[in-house]
Amino acid sequence: MTEANARRFISARRKIIEGDFASLNPEQRRAVLTTEGPLLLLAGAGSGKTTVLIHRVVNLLRYGRGSDTEEIPASCGEEELRLLEQAAAGEIPVTEEIRALCAVEPASPWQVLAITFTNKAADELKSRLEKALGAAGQSVWAMTFHGTCSRILRRYAERLGFPSSFTIYDQADSLAVMKRVLKEMNLDDRTWPPKAMLAAAERAKGALQTPDEFLAQEQASRDIRRIRTAQVCKAYAQRLFDAGAMDFDDLLYFTVRLLKENPDILDYYQNKFRYVQIDEYQDTNHLQYLFASLLAGGRRNICVVGDDDQSIYKFRGATIENILSFEKQYKDARVIRLEQNYRSTGNILRAANAVIANNTARKGKNLWTQKGSGDKITLYVAQNEDDEARFVARTIRQSGRPARDFAILYRTNAQSRNLELTFKNMGINYRIFGGTRFFDRAEVKDVLAYLCVIANPTDETRLLRIINVPARGIGSTSLERVQAIAREEGVSLFEVLSSASHRPGVTAGKKMEEFCRMIGELQQRISEIPLDEFYDEVLDRTGYLAALQTKNADENLSRIENIQELKSSIIKSMENTGGDLYAYLDEVALYTDMDTYDREEDCTVMMTMHSAKGLEFPVVFLVGAEDGLFPSAMSISDQEEMEEERRLCYVAITRAREKLYITCAAQRMLYGRTSANLPSRFTDEIPPELLDRQGVERRRQQERSSYWDDDGAFRSSYGGSGGWSHPGSYGSGAAQKKNVVRTSAAPTRKPSAITPPPAKAPEFRVGDRIVHKAFGHGSVEKLTPMGGDALMEILFDSGETKRLMLRIAMRNMEKESS
DNA sequence: ATCATAACGCTTTTT
DNA sequence: GCGTTATGAT
């Protein structure tokens with residue numbers, strides 16, 4: 001083929017492929033057709049990210065790199081060129097045959113890996129892929145990080161010395177193990193908080209250190225506390241290893257180590273996965289980053305999708321750096337931005353943009369929409385949390401819309417209780433996600449623990465959980481003795497238990513042996529009967545169900561229901577995985593409540609803003625918008641954490657399609673105390689013209705949002721103390737009022753006309769010298785009043801000019817002392 | 001061994 | 001304020 005013809009071929013091919021994705025906008029289409037090499041997809045909220053991911057996979061399976069290469073299959077000549085050009089011009093229909101001519105090495109489903117964060121996202125991806133591709137969609141690896149890792153580890157765990165039937169510990173299990181370790185080392189939980197110990201272990205794993213390496217490093221510090229911590233971490237790791245168990249972090253940690261230390265395995269997966277896509281890349285932590293980099297290291301066809309403004313898991317070790325520095329890591333990376341929002345109305349989007357604009361650490365992006373402005377955002381200031389809940393319920397009731405159109409988002413799970421009560425009273429269907437999760441319930445964990453022990457008797461944590469549940473007369477004294485023996489002899493606890501009657505000092509030996517025999521018999525039965533029948537037999541033989549039935553109490557009734565509910569999850573799993581106990585336990589270990597969300601059910605959903613990520617609703621209530629609650633009191637003193645809270649706010653606002661309500665309460669009972677909080681600073685960052693203020697505190701609220709004093713001095717309503725540290729520090733409405741700046745007239749004067757007022761509140765004028773915590777010394781260049789706040793332009797001595805919102809900046813800034 | 005009461009601490013957010 | 005755990009009494 002001549003070069004001119006080759007060009008014509010490529011152009012016609014591209015046109016035909018583009019025709020398959022005509023429903024997308026140009027940027028989306030470009031994202032779908034850019035298949036080769038590293039790609040950074042900056043996808044704003046509601047920009048059709050999942051749609052793009054689906055179409056990308058469709059494109060890869062149908063055309064391979066056809067849309068993104070200059071290669072022409074050797075079999076194609078003049079005849080094929082003619083066909084393609086005719087099809088591209090619309091003269092002949094695009095048949096399968098013509099499509100095949102456009103393909104260059106189409107990918108097989110199992111060569112495509114799409115990693116998400118949540119099971120829910122993975123499930124949605126899977127079901128939409130199945131819809132688009134039929135059976136082939138099922139073979140695409142669409143799963144969570146943890147799911148991907150456990151699948152790899154199941155295959156290669158032996159290389160790490162783990163059994164391939166290793167169990168997965170959730171955080172409650174991990175915590176239990178850690179507590180036991182501390183107890184055995186005679187360390188007090190008060191001075192050695194188990195959670196802090198787990199956090200240390202997590203950090204070490206994040207740095208890819210083995211327990212020994214971590215210990216060696218800490219020993220070099222000569223700090224006895226750090227050394228002891230490292231020793232605890234090592235003991236913890238050993239304990240998990242002995243039990244054949246991995247915690248959530250281990251799944252990633254060991255997978256990364258496996259790939260790093262075994263070139264053959266790395267090679268296998270690098271070749272297997274021709275295309276790697278990673279969703280929510282802004283929320284990846286270092287291990288996940290390493291995992292992604294390793295997998296993509298061969299062919300370098302890695303597509304990461306993310307939105308730096310939606311990074312809300314820093315507390316969990318996510319580093320926004322991963323997305324911010326993607327272009328540095330891959331010099332030839334292509335970047336595509338999706339900024340058109342298909343979800344929300346104009347006012348909602350404007351509010352979201354205005355709020356997030358106050359953050360400094362961002363790539364910068366502005367969402368836009370073709371939709372109209374829509375309703376204003378309603379800001380309702382309630383008297384207290386009951387009033388707030390009633391407002392929400394009343395609004396839903398009066399709307400005439402089905403309950404499922406609404407979502408209530410809050411900062412902490414604890415806030416759901418009031419709402420729940422009110423909704424019960426008003427008879428509105430609701431469903432709460434998160435909080436005490438189904439799989440965290442004691443009875444569910446108990447029954448699962450039985451199944452775990454049957455599957456893997458070395459699982460000491462689960463074994464200890466159930467050995468005396470229901471009561472079998474195996475007391476703590478005998479148990480401790482047996483545990484000590486197991487440790488001395490270096491054998492598993494189960495082994496000692498099964499011959500415990502020969503042991504001195506173990507009074508319950510016979511009962512222990514009996515228990516082991518029962519487990520052994522159940523193990524026999526696994527292969528003989530279907531999993532659901534087996535489940536019934538476990539409930540029966542262990543006496544667990546009987547124990548619940550004999551005790552009266554209504555709470556046992558719901559426990560029995562929960563156990564039945566668990567059976568339905570087994571039946572569901574049997575449909576997918578064919579009823580393998582190990583497969584079921586694997587699935588359940590990584591399961592969360594979110595995954596059972598049924599969109600069709602007519603319920604208003606209540607959840608934290610974190611769990612709402614990736615979801616959308618026609619109407620959203622953002623409740624508890626109070627300083628100290630949201631943003632959380634813990635983040636108020638730290639600029640970076642404050643920015644994370646603001647991103648969370650951005651996520652919450654952008655969940656709404658048509659209407660957003662924001663509510664706060666003047667007083668709220670929280671953690672057993674009543675506190676009075678000011679409305680969230682984020683509400684002040686929304687341009688006032690987008691807000692419709694309602695509620696009892698309306699007048700005061702309006703006063704508060706005016707910062708201009710009579711003499712024109714600009715000051716903060718937060719008083720001279722530089723903010724507050726605890727929500728409880730404002731014990732009453734009166735204390736709060738003192739901090740309200742009264743205004744007698746509308747603020748009209750320019751900041752340049754400022755005369756110094758005798759106020760103790762910090763105030764700033766053009767020309768003032770200031771010191772900023774993060775940016776150092778500088779001088780105020782410009783002050784522009786803006787929506788109850790003011791925009792400051794500050795020229796820092798570093799030569800950098802920064803634009804900061806006064807209310808935010810003043811927390812980290814003060815006048816230079818002369 | 002089991003139950004009852006008291007003390008404690010915890011609330012960010014999740015796989 | 002609530003749920004979990006520690007302690008003590010039966």
Report which part of the nucleic acid [X] touches: base, sugar-phosphate, or nothing (heavy-atom distance under 4.0 Å, all strands).
X: A:F630; answer: nothing
X: A:I115; answer: nothing
X: A:G473; answer: sugar-phosphate
X: A:K195; answer: sugar-phosphate

For atom [atom1] of [X] and atom [atom2] of [N], their distance in whole Å:
X: A:D249; N: B:dT15; atom1: CG; atom2: C1'; value: 9 Å
X: A:E640; N: B:dT13; atom1: CD; atom2: P; value: 21 Å
X: A:D170; N: B:dT14; atom1: CG; atom2: P; value: 14 Å
X: A:Q288; N: B:dT14; atom1: CD; atom2: C1'; value: 11 Å
X: A:D173; N: B:dT14; atom1: CG; atom2: P; value: 18 Å
X: A:N468; N: B:dA1; atom1: CG; atom2: P; value: 7 Å
X: A:L198; N: B:dT15; atom1: CG; atom2: P; value: 18 Å
X: A:R465; N: C:dT4; atom1: CZ; atom2: P; value: 11 Å

Any idea which of [options] is nearest the [X] side chain?
X: A:K179; options: B:dT14, C:dT5, B:dT15; value: C:dT5
X: A:Q171; options: B:dT2, B:dT15, B:dT13; value: B:dT15
X: A:H146; options: B:dT14, C:dT5, B:dT15; value: B:dT15
X: A:R417; options: B:dT2, C:dG3, B:dT15; value: C:dG3

Taking only the side-chain nitrogens and oxygens of A:N413, find out if one of them lies under 4.0 Å from OP1 or OP2 of B:dT13.
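Indeed, a polar side-chain atom of A:N413 lies that close.
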Between A:S611 and B:dT13, does any side-chain N or O lie under 4.0 Å from OP1 or OP2?
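For B:dT13, OP1/OP2 do not have a side-chain N/O of A:S611 under 4.0 Å.
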Determine whether the aromatic ring centres of residues A:F617 and A:F406 are separated by less than 6.0 angstrom.
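Centroid distance A:F406-A:F617: not below 6.0 Å, so no.
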Using ring centroids (six-membered ring only for Trp), state whether A:Y582 and A:Y584 fall under 6.0 Å.
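No, too far apart.
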Mapping A:R472 and A:S635 onto DNA chain B by nearest heavy atom, which one lands closer to the 5' end?
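First, find each residue's nearest nucleotide; the 5'-ward one identifies A:R472.
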Let me spell it out: for each of A:A414 and A:F145, pick the nucleotide of DNA chain B with the closest heavy atom. Which residue's pick is nearer the 5' end?
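Result: A:A414.
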Could you tell me whether the side chain of [Y] reaches within less than 4.5 Å of the side chain of [X], counting heavy atoms only?
X: A:E385; Y: A:Q415; answer: no
X: A:E388; Y: A:R668; answer: yes
X: A:N384; Y: A:M669; answer: no

Picking from A:D283, A:N285, A:T284, what satisfies side chain to side chain donor-acceptor pair (under 3.5 Å) with A:N322?
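It is A:T284; the other options fail the test.
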Centroid under 5.5 Å and tilt under 30°, A:F315 to B:dT13:
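Stack criterion met.
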